Protein chains: 2
Amino acid sequence: MSGLAAVAKLAQVSPATASRALHRPEMVARETRERVEQAAEQLGYRPNQLARSLRTRDSRTLALVVTDILNPFSATIAKAVQDTADQSGHNLFLFNSDEEPDKERRALETLRGHLPQGLIVVPTPGARENLELVPDLPVIELDRASGRPGAYTVMVDNRGGAYQAVRHLLDLGHTRIGMIVGRRNISTAQERYEGYCQALDEAGLPYQEALVLPGNHREEDGRQAATQLLSQPAGVRPTALFVGNNEMTVGAVLAARQLQLSLPGDLSVVGFDDSRWARTTTPSITVIAQPTYQLGQLACQRLIQLMSGVAPPEAHTRLPTTLIVRESTGPPPAR
Amino acid sequence: MSGLAAVAKLAQVSPATASRALHRPEMVARETRERVEQAAEQLGYRPNQLARSLRTRDSRTLALVVTDILNPFSATIAKAVQDTADQSGHNLFLFNSDEEPDKERRALETLRGHLPQGLIVVPTPGARENLELVPDLPVIELDRASGRPGAYTVMVDNRGGAYQAVRHLLDLGHTRIGMIVGRRNISTAQERYEGYCQALDEAGLPYQEALVLPGNHREEDGRQAATQLLSQPAGVRPTALFVGNNEMTVGAVLAARQLQLSLPGDLSVVGFDDSRWARTTTPSITVIAQPTYQLGQLACQRLIQLMSGVAPPEAHTRLPTTLIVRESTGPPPAR
DNA sequence: CTGAAAGCGCTAACAT
DNA sequence: ATGTTAGCGCTTTCAG
């Protein structure tokens with residue numbers, strides 16, 4: 001670990017000049033600069049970012065908190081944010097809240113000591129409170145809204161997407177359409193639920209409490225909810241299911257399989273969020289696809305913009321979703 | 001950002017004592033300590049880790065470099081390492097090399113300035129050279145070996161796993177067994193290849209060059225290799241395929257599907273590394289499962305141990321693999 | 001047990 | 001254009 005002082009000495013300049021030569025080339029005579037650069041090269045000098053950040057109060061570090069790194073959605077977000085941060089010369093701390101407000105809080109506490117310049121967070125239900133831990137930090141909320149006043153968010157059109165999904169099922173002739181929704185205290189789940197209700201409402205179908213089951217976003221939750229919904233006799237159970245996220249869709253489809261219901265003959269399924277699994281399972285699953293990578297990319301771009309003091313053009317950015325019709329949806333069974 | 005000075009003032013002690021009260025409780029009178037703790041609490045004090053690290057030369061920061069964050073294998077590793085690091089109070093920088101030595105090098109250069117205490121890396125083929133950038137850093141190589149002398153590695157028994165896979169196919173009666181191997185300059189691929197060869201050899205079957213195709217670890221590579229291997233007429237093409245990693249297995253199975261080969265009737269497939277996809281696709285895929293989470297966990301534990309100056313008990317740790325027989329393997333087609 | 005003082009490596013004022 | 005000085009926030013000698 002040779003420091004700047006060593007470089008300065010070798011180049012026969014003061015440390016200040018060495019620093020300038022490396023970070024503010026235009027402030028230094030070309031000849032001097034070259035001498036410093038060469039010395040740095042020769043010694044394999046790497047600036048100590050800690051010292052630098054301490055002095056400049058600028059860590060060039062961003063942080064991302066996702067809710068479940070094992071979910072391909074989160075992994076894609078992580079890659080997108082990482083790529084984007086990298087391009088602008090920022091480092092990224094990655095945290096995983098596992099949907100637990102408490103882990104999220106601990107992540108933010110840790111973060112605080114590292115003076116990140118900005119934060120992208122997929123908020124848990126506790127985020128509104130947790131984010132008070134970092135009051136002066138530029139934050140972008142991704143995929144969900146915590147409900148904090150004045151927050152900047154980057155999300156998809158959940159309501160519209162859900163509406164599309166249910167509309168598709170209605171068009172096929174379904175009238176008993178169930179939904180496996182996420183936790184209602186998460187904006188994404190709530191909005192998808194509203195889209196579901198709206199589509200039913202417009203079609204003049206009554207809302208049936210018994211057809212809507214909550215889940216906690218994991219595969220197992222989807223399996224349990226679907227099992228309950230589908231264990232009822234034909235003629236009573238739903239003929240179609242709209243499932244609120246990718247993981248629960250897997251669970252729901254596996255449950256249907258286990259109950260020996262064939263897709264789409266006995267049951268149609270539409271999932272929210274595309275995945276390789278949905279594309280390649282048999283039958284392939286009709287989904288509402290989200291532009292996941294772009295979501296992460298945009299969030300990071302917005303954050304960097306925000307950090308530079310420019311308020312984003314809009315507080316809430318919505319990206320559109322796309323209905324991808326595959327093999328898991330068809331007309332309801334003849335009764 | 002109220003600093004330690006503010007806390008000290010409020011508690012009516014010197015900054016030095018405040019620091020001790022918070023980090024070396026035993027060196028301070030109980031009464032004083034309580035006063036400081038209270039002051040810290042009241043001001044919402046968070047130590048500036050940058051300053052702390054600069055002074056103590058201990059950043060409590062680890063770094064993990066994976067090769068493809070979108071691969072569930074990497075995501076599981078990331079979660080495991082994150083969890084383990086968290087438990088011992090370490091922060092984690094996560095990087096993604098995308099299998100590119102150049103990205104790996106950039107990650108390490110960046111890292112260097114942040115003075116991480118240790119590094120876990122899934123090495124790219126350039127790692128041996130790249131790791132010279134951080135000569136004094138404790139490093140654990142995970143899943144693969146870079147070939148650096150004296151390196152510590154945590155891996156699975158690739159050779160044994162591959163042997164198991166091929167042995168299983170041999171036991172079913174297959175004699176034309178193909179392999180889609182990864183890049184041979186990656187130890188994991190090489191070892192799995194050796195296991196394949198060994199099994200064939202022991203069974204007295206000749207090695208057939210034409211049955212072994214390389215791939216670059218991605219789904220698309222698996223698809224292409226399998227397409228080439230399986231486009232030959234029945235009676236010539238292999239009746240079974242051993243595929244070197246999870247992503248390529250997906251590609252291979254999709255290729256077989258596209259060629260209208262039924263599994264396991266026309267073709268048996270064994271993949272390396274289990275996944276949800278393998279478990280739930282139809283037919284489900286026989287695999288060699290790895291203890292992925294434990295791999296990450298163990299690597300992190302070893303690293304922390306290594307950082308504390310204790311040399312791990314062994315330079316190379318191998319975890320065992322397990323053959324999980326599912327529906328994609330059966331006897332070869334009657335000729 | 002506590003305080004004063006020095007300094008981690010760097011950069012920003014301020015001089016020259 | 002360059003050097004000198006001071007200090008980011010913290011911890012750690014070294015005294016007392």
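Proteins get letters first, then strands, A, B, ... in listed order; numbering begins at 1 in each. Since we're looking at a predicted model, the values are computed, not measured.
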For B:Glu41, is there an ion pair with B:Arg46 - N to carboxylate O distance below 4.0 angstrom? no
Under 4.0 Å between a Lys/Arg side-chain N and an Asp/Glu carboxylate O for B:Glu141 and B:Arg302? no
Counting side-chain heavy atoms from CB outward, which of C:dG3, C:dC1, C:dC10 is closest to B:Thr32? C:dC1
Look at A:Arg24 and C:dA12 and indicate whether a side-chain polar atom (N or O) is within less than 4.0 Å of OP1 or OP2. yes
Looking across every strand, which nucleic acid part, if any, lies under 4.0 Å from B:Ala29 by heavy atom: base, sugar-phosphate, or nothing? sugar-phosphate
Is there a side-chain polar atom (N or O) of B:Ser14 under 4.0 Å from OP1 or OP2 of C:dT2? no
DNA chain C nearest-nucleotide lookup for A:Ala51 and B:Ala18: closer to the 5′ end is B:Ala18
Considering every strand and a 4.0 Å limit on heavy-atom distances, what is the contact class for A:Arg55: base, sugar-phosphate, or nothing? base
What is the distance, rounded to the nearest whole Å, between atom NE2 of A:His114 and atom C1' of D:dG9? 14 Å
Just how far, in rounded Å, is P of C:dG7 from CG of B:Leu50? 22 Å
Distance-only, no hydrogens or angles: does the B:Arg144 side chain make a donor-acceptor pair with backbone N or O of B:Val122 under 3.5 Å? no
Distance below 4.0 Å between A:Tyr45 side-chain N/O and C:dC10 OP1 or OP2: yes
Quick one: closest heavy-atom pair of A:Thr61 and A:His90, and the distance? N-ND1, 4.3 Å
Output the rounded distance in Å from CE (B:Met27) to P (C:dT2). 10 Å
If you compare every side-chain N and O of B:Ser19 against the phosphate oxygens of D:dC10 (OP1, OP2), does one of them come in below 4.0 Å? no
Does the A:Thr84 side chain pair with the main chain of A:Ala80, one donor and one acceptor, at a distance under 3.5 Å? yes
Length of the line joining B:Gln49:CD and D:dC8:P, which is rounded to integer Å: 19 Å
Answer with yes or no whether A:Arg20 presents, from its side chain, a donor or acceptor under 3.5 Å of a partner atom in the base of D:dG3. yes
Please report, rounded to the nearest Å, how far the P atom of C:dA12 is from the CG atom of A:Leu4. 12 Å
Closer than 4.0 Å, any side-chain N/O of B:Arg52 to the OP1 or OP2 of D:dT11? yes
Whole-Å gap separating C1' (C:dC10) and CZ (A:Arg60): 16 Å
Nearest-nucleotide wise, let me know which of B:Arg30 and B:Thr56 is further upstream toward the 5' end of DNA chain C. B:Arg30
B:Asn48 side chain, from C-beta outward: closest of C:dC8, C:dT2, D:dC10: D:dC10
For B:Leu54 and D:dT12, give me the distance from atom CG to atom P, rounded to whole Å. 12 Å
What is the distance, to the nearest angstrom, from the NE2 atom on B:His23 to the P atom on C:dC1? 19 Å
